[in-house]
Amino acid sequence: MAKSALFLILALASLPASAQRAQAELACTPSNTDFAYHCVVRLSRGGQPLPGADVSVGADMPSMPMAHNVRPVKAKPGKAPGEYQARLDLEMLGEWAVKLRLRGPVNDQLILHYDFDEKGARPVIRSGRLPRK
Amino acid sequence: MLELERVSRHFGGVRAVDGLDLKVRDGEIVGLIGPNGSGKSTTVNLVTGLFSLTSGQIRFRGQDIAPLPTHMRLQGGIARTFQNIRLFGQLTVWQNLWVAQNSPADRAKRGFFSRWLGGQSGVRDEIVSLLEFSGLAHKQDELASNLAFGEQRRLELARAMATKPKLLLLDEPAAGMNSEEIGQLRERILKLRERGLTILLVEHVMELVMGVTDRIAVLNFGQKIAEGTPAEIQKDAAVRKAYLGGDAAAAEGGS
Amino acid sequence: MDDYVTGVLTNIGLFSFLALSAYLLLIAGEMSFGQQAFFGVGAYSGGILTAIYGLPLPVAALVAMLLGSLCAFLVGLPTLRLRGLYFAMATLAAAEMARILFELFRFQRQIGGELVGPDGTQGFRGIRWVFERGVEPAGYLALVWGLLLIALVVFLLMERSRLGATLRAIGEDPDLARSCGISVERFKLGVAAAAGALAALGGVLFAHHNTYIEPRNFDIMLGVHSLAYALIGGLGTAFGPLLGVMVDLGVLEGSRVFQGYRMIAFGGLVAILLIFRPRGLLDEKVVHWLRARFS
Amino acid sequence: MLVDLIQNTLDGLTAGAAYALLAIGFTLIFGVLRRINLSYGPAIMLGCYAATWFHVQFQVGLLVLAALTLAATVLAGAYVERLCFAPHRDRSAIAAMVASFAIWMQLEELATLVLPNHLYAFPALYEGGPLSLGPFTLRAEALVMFAVTVLACLALQRLLYRSRFGLSVRAVIDQPVAARLVGINLPWVFVRVFAVASALGAVAGYLIVASAGQVTPMLGMWSTLKGMLAMMLGGLGSLPGAIVGGLALGLIEAHSQWFFGPQVRDLTAYFLLFALLALRPSGLWTTPRHG
């Protein structure tokens, strides 16, 4: 029901179909604790900020997908609309697949790849996996 | 039953078995003796297919079995015991026999499911009678690795019997037994013959070999140096020289 | 139950499929470093079938299992006659080949205005069949554990049967098994195929749980962990691998004492355990003792 | 085209030299213990990490770093031997291998605890650009790598053929049963073999890290896989085979990378390993043994 209503709204707004799903961006700064970050999630849909969602943030290590269970945290609404704040407690530096579970006005699950280091987190640009060449 | 014709097996330069001719007729008990390293165990391994032939022919009931893999030979009716006891130590006594019941006759008798679930009484009855035959009925749920030495020997023989063989190869079944146990073993071997089995007995212990066999073949350095009835073998000069000479007294008197 | 506990329990369930798959080969005497490849085959094929072709999950899972077992059969055919370490190395090579093939695999289609499908190293997003049907984490947890329970019951029945005894016989002494008239190679191929299907089922469930997979998910770490789980838990019963997964994911992960040091604790634990119990906590002797006690 | 081929061959041989060293270490352990040590690479990685840590703290020089890498790797190797191989000496090879995997997990986490970043700079052996030889280029580090590999092989050769220890090692590799019977003190041989193998691994690790100019925890898995691959290509347990296997792996990788790219390079290497195992499990180099 909610879903068909959503379709209707989207159709009325005549947005491109790809705008149907939410988009997310992540900005993280390191905290005082090792491997813990203050993160801001920016949610948007069709270019518009998406406020009011219930967001939980988790993380997985890509090369050990089921073994690192980072406790998902509920994000609090941030300063601007569509912004959410969460503290992410990782187990080590390196690449993590950040899992966003959205509920409320939008029900979705998004996966973002970020590389976490001592300065913060950057989206991953994929390259070879071995140390040399 | 079993015919070996000019059978050889070389390991590099070592001729473990060299041009051996041997015939075992239906219902016979044939002894195969010889000093350590004379090729007795190699012969058994050649017959069961654990080693491949360098040259020669092995026929079982008229059929050339050299190209067959081990398990096919066993399904064809050859079973064996091992010189150093080999059992499935992690399985119970019952399971050891259960696993070995794998002859074509067994499989034809059982349906697909009961074959794996083991529910059929025929299978049970056979195992029960084997357990009784070897005096292990009270130990049926024990792990094979927990059995005493003598019991393990008996289980090994029972396991060989579970495959319903026509030809039984016993590789030093009396090793490490005292003379009372050897006596029991002799009884058991004679009982097996009454059931119509043909037996090739590889053995060191003269007390046993001389007591049960119809014929004896003597190996030395992979070659047959004599063949005949136990009485003939005891008199044979070449055998005395090669084999009985040194340890005849020890082998006959003690062990 | 909060999301975290649900997530951990789901992961324990998912990992158990892989650990059971490794266990099945271990009791038949073969150590495979490559079960993660069949997990990956299941994840990729299952994901493609639901996300691109819109097939229902149960159908996709069945096809994926068939495919997983076919792949395992084909890998097993030339390698199962190898012994011990050689087989382990061959399966490792095969699994790494599979991972690289996933990296080279691109197969994307426009679905609902979005590109869906495997995109090489960029991974495969949008495996949303389960998600779109509004299945909540608790519901999915029940599905995973339900299937795992079925697998366990099948294992327990198998272990009580002659087939189970035969596999253990082959695992303990293949030459002796041959001398009992058992067709060792045929049994091992069957075991490899079944283990492949089991791993593939785990993979399908993993892909639909995660909604996203990538080639690196299926690297050697995953396979070796599943082996270690089976060996920690014990080779005496199918509960062994489950216990192994729980020790690592449940106990070590759950007790936050080890946070940041979990692998140090896990690694040390495994190494020391193997010294005292080389066939795991629930090995054949313990299981036999327990059975004699309680039946 | 021809120039590229020769250039690739040069590059391949250089990489192969490092692989050969790794494979020799692996082979020594496999040949003598009949065990696969998955922690071989991670121990090298830890050695390099220990040196890196020192460098970050105290800015020490190249030679000190090399010595530190060596010492730390041998120490880590000894730890692996005590925990994974000494207890399983007469028991399951599989248990030993899994234990060595468990220790790998430990060492990797230890490294990331000490130095949590994914990458660390390591002082390079040579700061200048590549040397050019006519149309070809050769990195100076490559020359060093090659020279050190040859020296290490010669030293090992001397050790194996000119000392009592070497005699027992060769005896154990060729005739394990006979070696037991003639009363060689096996545990002691094993311990020293581990030390020698770790030292060779440390040399390889140091050269690799110093010519790449960086360390990552991936070095552990990488060294184990490359060492194992090269060992298998050369035939398990054969020392000359390990050298041939290492060089062959380097050449195969360099050429297939040039023709098909990095992913196919790895694919080719694994495919070769798989095909070799399936068709000729005793390896390229050794004559198949009977029995």
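Throughout, a chain's letter reflects where its sequence line sits, starting with A, and its residues are numbered from 1.
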Supply the atom-to-atom distance [X] [atom1] to [Y] [atom2], rounded to the nearest 0.5 angstrom.
X: B:Thr163; Y: C:Ile182; atom1: OG1; atom2: CD1; value: 10.5 Å
X: B:Arg86; Y: C:Cys180; atom1: CZ; atom2: SG; value: 10.0 Å
X: B:His71; Y: C:Asp175; atom1: NE2; atom2: CG; value: 13.0 Å
X: B:Ser145; Y: C:Glu284; atom1: OG; atom2: CD; value: 9.5 Å
X: B:Gln90; Y: C:Asp173; atom1: CD; atom2: CG; value: 10.5 Å

Output the option from [options] having the highest count of non-hydrogen pairs under 4.5 Å with chain C.
options: B:Asp141, B:Thr92, B:Thr48; result: B:Asp141
options: B:Leu143, B:Asn96, B:Ile78, B:Leu87; result: B:Leu143
options: B:Ala79, B:Pro69, B:Gly89; result: B:Gly89

Before giving the answer on side chain to side chain contact (heavy atoms under 4.5 Å, CB included), spell out for C:Leu176 and B:Glu156 the whole-Å C-alpha distance, their side-chain angles and the decisive distance to 0.1 Å.
CA-CA 11 Å; C:Leu176 178 55; B:Glu156 222 198 351; 5.6 Å; no
Would you name the heavy atoms of [X] and [Y] that are closest together and state the gap between them?
X: C:Ala165; Y: B:Leu91; answer: O-CD1, 3.5 Å
X: B:Trp98; Y: C:Arg160; answer: CH2-O, 3.5 Å
X: C:Arg162; Y: B:Val99; answer: NH1-O, 4.1 Å

Give a yes or no on whether the backbone of B:Phe88 and the side-chain of C:Arg168 come within a donor-acceptor separation of less than 3.5 Å.
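It does not hold such a pair.
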For B:Arg59, does the CZ atom have more than 12 heavy-atom neighbours from other residues, nucleotides or ligands under 6.0 Å away?
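Yes, the 6.0 Å shell around CZ holds more than 12 heavy atoms from other groups.
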C:Phe239, CZ atom: more than 12 neighbouring heavy atoms under 6.0 Å
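12 or below, so no.
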Residue C:Arg291 versus chain B: region with a heavy atom under 4.5 Å
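Contact with chain B involves no heavy atom of C:Arg291 at all.
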Less than 4.5 Å to any heavy atom of chain B: does that hold for the side chain of C:Ala292, its backbone, both, or neither?
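Nothing of C:Ala292, per the 4.5 Å heavy-atom cut-off to chain B.
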Using non-hydrogen atoms only, which part of B:Arg73 is less than 4.5 Å away from chain C: side chain, backbone, both, or neither?
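Neither the backbone nor the side chain of B:Arg73 comes within 4.5 Å of chain C.
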Under 4.5 Å from any heavy atom of chain C, what part of B:Leu50 do you find: side chain, backbone, both or neither?
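Contact with chain C is through the side chain of B:Leu50 alone.
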Which of the residues C:Glu172, C:Arg178, C:Met158 is involved in the greatest number of heavy-atom pairs with chain B at under 4.5 angstrom?
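Winner by heavy-atom pair count: C:Glu172.
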